[in-house]
4 protein chains.
Amino acid sequence: MGKNRLEAFSDGVLAIVITIMVLEMKVPHGADVSALTPLLPVLLSYVLSFVYVGIYWNNHHHLLHTVHHVSGKMLWANLHLLFWLSLLPLATGWMGENPWAPLPNAFYGGVLLMAASAYLLLQRVIMSSDAEHGALQQMIGRDIKGKTSVGAYATAIVLSFWQPLLAQLVYLCVALLWLIPDRRIEKTSHN
Amino acid sequence: MGKNRLEAFSDGVLAIVITIMVLEMKVPHGADVSALTPLLPVLLSYVLSFVYVGIYWNNHHHLLHTVHHVSGKMLWANLHLLFWLSLLPLATGWMGENPWAPLPNAFYGGVLLMAASAYLLLQRVIMSSDAEHGALQQMIGRDIKGKTSVGAYATAIVLSFWQPLLAQLVYLCVALLWLIPDRRIEKTSHN
Amino acid sequence: MGKNRLEAFSDGVLAIVITIMVLEMKVPHGADVSALTPLLPVLLSYVLSFVYVGIYWNNHHHLLHTVHHVSGKMLWANLHLLFWLSLLPLATGWMGENPWAPLPNAFYGGVLLMAASAYLLLQRVIMSSDAEHGALQQMIGRDIKGKTSVGAYATAIVLSFWQPLLAQLVYLCVALLWLIPDRRIEKTSHN
Amino acid sequence: MGKNRLEAFSDGVLAIVITIMVLEMKVPHGADVSALTPLLPVLLSYVLSFVYVGIYWNNHHHLLHTVHHVSGKMLWANLHLLFWLSLLPLATGWMGENPWAPLPNAFYGGVLLMAASAYLLLQRVIMSSDAEHGALQQMIGRDIKGKTSVGAYATAIVLSFWQPLLAQLVYLCVALLWLIPDRRIEKTSHN
């Protein structure tokens with residue numbers, strides 16, 4: 001099985017996830033400034049999730065770049081990742097409408113945590129399935145960034161019940177951490 | 001007619017179907033645990049349907065892998081399959097909101113039954129349209145799995161009116177039956 | 001400009017149009033047979049529109065098959081066609097919810113009429129833009145089917161205000177007319 | 001990184017944006033002419049936005065045509081453009097429902113302004129990232145059209161608070177300005 005269709009399907013799902021989040025932002029009922037105010041936290045949480053999906057799409061691209069043969073295991077590990085990412089619009093909308101409430105913030109963190117774990121799992125499946133992935137292994141190294149993220153999400157979930165805004169700050173910082181281009185992978189994949 | 005565009009269109013529809021089901025899960029109105037409770041059966045039915053669409057996408061990929069020339073008949077048999085799969089979000093949402101009611105469970109089974117039959121029909125159209133598909137014929141053999149599924153769905157539809165939860169159990173078991181990789185096809189298509 | 005991206009974009013829009021129509025079918029509120037009854041005409045109009053989009057996708061594929069170079073005019077003629085097809089979910093939902101009312105039936109016919117005209121326009125643009133399209137010209141001939149459809153839609157729009165069901169019958173017959181494979185094109189494009 | 005996946009993802013998002021705007025047009029509740037009246041301004045604003053997304057898709061295609069190697073910067077500049085375009089359905093729906101109100105018109109202009117700026121930024125990133133883009137540089141020249149658009153949007157935002165209809169006229173004129181094919185690019189890219 002070639003990887004083209006796997007990429008095309010993943011791109012399709014990610015493109016839909018990233019644009020469906022807009023649907024969570026309902027057209028305001030009024031036409032003055034007060035109609036826009038409740039939209040602001042929703043918009044901000046949408047921006048955050050947009051960046052997250054962008055990061056996943058970017059990393060997913062680099063990861064699949066190293067794959068030559070798609071196995072059944074890989075396919076299901078990939079669907080598992082897409083499943084958690086497809087829950088992001090719901091989590092984004094809920095957090096955006098209740099920015100000060102603990103549970104929606106914890107739920108958002110939970111979806112991020114599961115997506116990050118699913119990504120690590122997909123990485124492991126790809127590495128174990130192909131002897132040639134010594135290259136990928138070397139590229140990723142000990143994957144401190146991936147493991148730090150999982151730890152940060154878990155911390156933020158706990159923080160949500162104490163200080164929701166702190167949890168949001170953690171989500172923002174992890175996104176920024178990933179926005180800094182991952183030089184190891186880019187360097188390796190260009191050589 | 002090449003099969004690329006057929007694959008691209010099918011991937012597009014399946015990607016939309018799999019993510020549109022999220023839209024059935026409305027953002028909860030409250031922000032506490034009680035707001036999440038009614039979401040749970042919807043979430044579970046979403047997981048089940050997600051797995052089903054994943055299975056269809058996977059099998060569809062293997063099936064089209066054997067096709068060289070796309071005929072008009074094949075195209076319409078494919079659209080027929082996509083039609084029934086595109087009803088899955090509706091059936092999922094209805095069953096998720098009424099997990100104990102007979103009719104939504106039977107409806108869900110009916111959509112699965114029609115999709116499975118449409119898949120068998122597509123398989124037959126592909127096999128009959130091309131002499132070379134002796135290979136596919138050999139791969140699929142008597143297709144016990146496909147025929148068992150259709151029988152199980154029909155049984156579950158009847159069960160829905162007596163014990164809805166039993167019907168759901170059948171849907172789950174058939175999904176698990178398909179999750180076990182189909183060694184015959186993978187083996188053949190890799191040689 | 002290659003035609004790949006034009007095809008990919010058109011496939012994307014058509015895949016969304018065909019699945020978005022499902023969203024018009026809201027999850028029923030109850031869980032018994034009476035909850036399904038109002039869904040029936042919506043379902044039937046959805047089936048009809050599904051077949052129409054399938055026909056357009058099929059014909060669109062054959063039409064673009066003959067194109068070598070995509071001009072700016074072609075691109076906008078194609079977007080014009082996609083515009084009218086993207087109105088189909090709205091027209092379908094409105095007719096499905098008001099199967100006996102004149103205006104929704106006429107509106108549905110109007111969208112079909114404009115889509116058919118847009119298709120004829122795209123055909124003309126493609127033929128005029130490329131000298132080699134003598135082949136396409138020969139394939140299509142006097143395009144009696146295309147022109148008959150436009151006339152039938154116009155008639156059905158008038159019929160809507162007198163007997164809505166007659167208009168629906170016309171829509172159904174034109175769809176069946178197109179479902180019969182267009183032997184001229186298939187024959188030519190396979191030689 | 002090849003540009004195929006970047007194009008596929010962008011096409012996916014643009015195809016969804018262009019069709020999601022239809023969802024803003026709710027199925028009318030009645031079945032007579034009075035049910036259609038409130039839909040008219042929504043439909044007109046949808047047409048305008050459809051043309052805008054078509055223009056962006058067209059120009060985006062020409063722009064990426066000149067790219068050989070996709071860098072991380074380019075990828076994020078592209079996502080930044082898609083972000084603003086994905087806000088267009090919301091802005092379209094709000095303006096369409098409040099065609100005489102200043103704020104929705106200004107908001108629409110703001111989204112167009114940000115999208116146009118994001119496009120200019122993407123153009124600059126592409127030109128600066130690759131020495132070979134002297135060709136693109138020459139093609140675009142001083143990009144009077146791009147800069148005029150940004151100025152026109154800014155003017156229209158101010159006009160919105162004084163005469164909303166004038167702002168809409170500006171949006172329409174800029175769209176028409178872009179519909180006139182950009183001969184410089186077509187000419188260069190065909191040679």
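The OG1 atom of Thr19(D) sits 9.5 Å away from atom CG of Leu82(C), with the distance rounded to the nearest 0.5 Å. The distance from the OG atom of Ser86(C) to the CD1 atom of Ile20(D) is 12.5 Å, given to the nearest 0.5 Å. The distance from the CG atom of Leu75(C) to the CD1 atom of Ile55(D) is 11.0 Å, given to the nearest 0.5 Å.
Residues of residues 96-103 of chain C that come within less than 4.5 angstrom of chain D, heavy atom to heavy atom, are Glu97(C), Asn98(C), Ala101(C), Leu103(C) in numerical order.
For Ile16(C), the part lying near chain D is the side chain, with the backbone staying farther off; criterion is any non-hydrogen pair under 4.5 Å. For Leu36(D), the part lying under 4.5 angstrom from a heavy atom of chain C is the side chain only. Neither the backbone nor the side chain of Val53(D) comes within contact range of chain C; no heavy atom of the residue lies under 4.5 Å from a heavy atom of that chain.
Of all heavy-atom pairs between Ala15(D) and Gly12(C), the closest is CB-C, 4.1 Å. The nearest pair of heavy atoms linking Trp94(C) to Gly30(D) is NE1-O, 2.8 Å.
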Where do Tyr46(D) and Leu90(C) land on the side-chain contact (heavy atoms from CB on, under 4.5 Å) test, with the steps shown first?
CA-CA 13 Å; Tyr46(D) 169 50; Leu90(C) 178 76; over 6 Å; no

Trp57(D)/Arg5(C) under side-chain contact (heavy atoms from CB on, under 4.5 Å): CA gap, chis, key distance, verdict
CA-CA 10 Å; Trp57(D) 177 67; Arg5(C) 232 187 133 178; 3.9 Å; yes

Trace of the side-chain contact (heavy atoms from CB on, under 4.5 Å) decision for Leu43(D) with Leu87(C)
CA-CA 10 Å; Leu43(D) 184 64; Leu87(C) 284 180; 4.0 Å; yes

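Taking the six-membered ring where the residue is Trp, Phe50(D) and Phe83(C) present perpendicular rings, their angle passing 60° and hence far from 30°.
Under the 3.5 Å distance criterion, the side-chain polar atoms of Trp76(C) are left unmatched by any main-chain donor or acceptor of Leu179(D).
For Tyr153(C), the ring-ring contact (aromatic ring centres under 6.0 Å, His included) test picks out no residue, with sequence neighbours left out.
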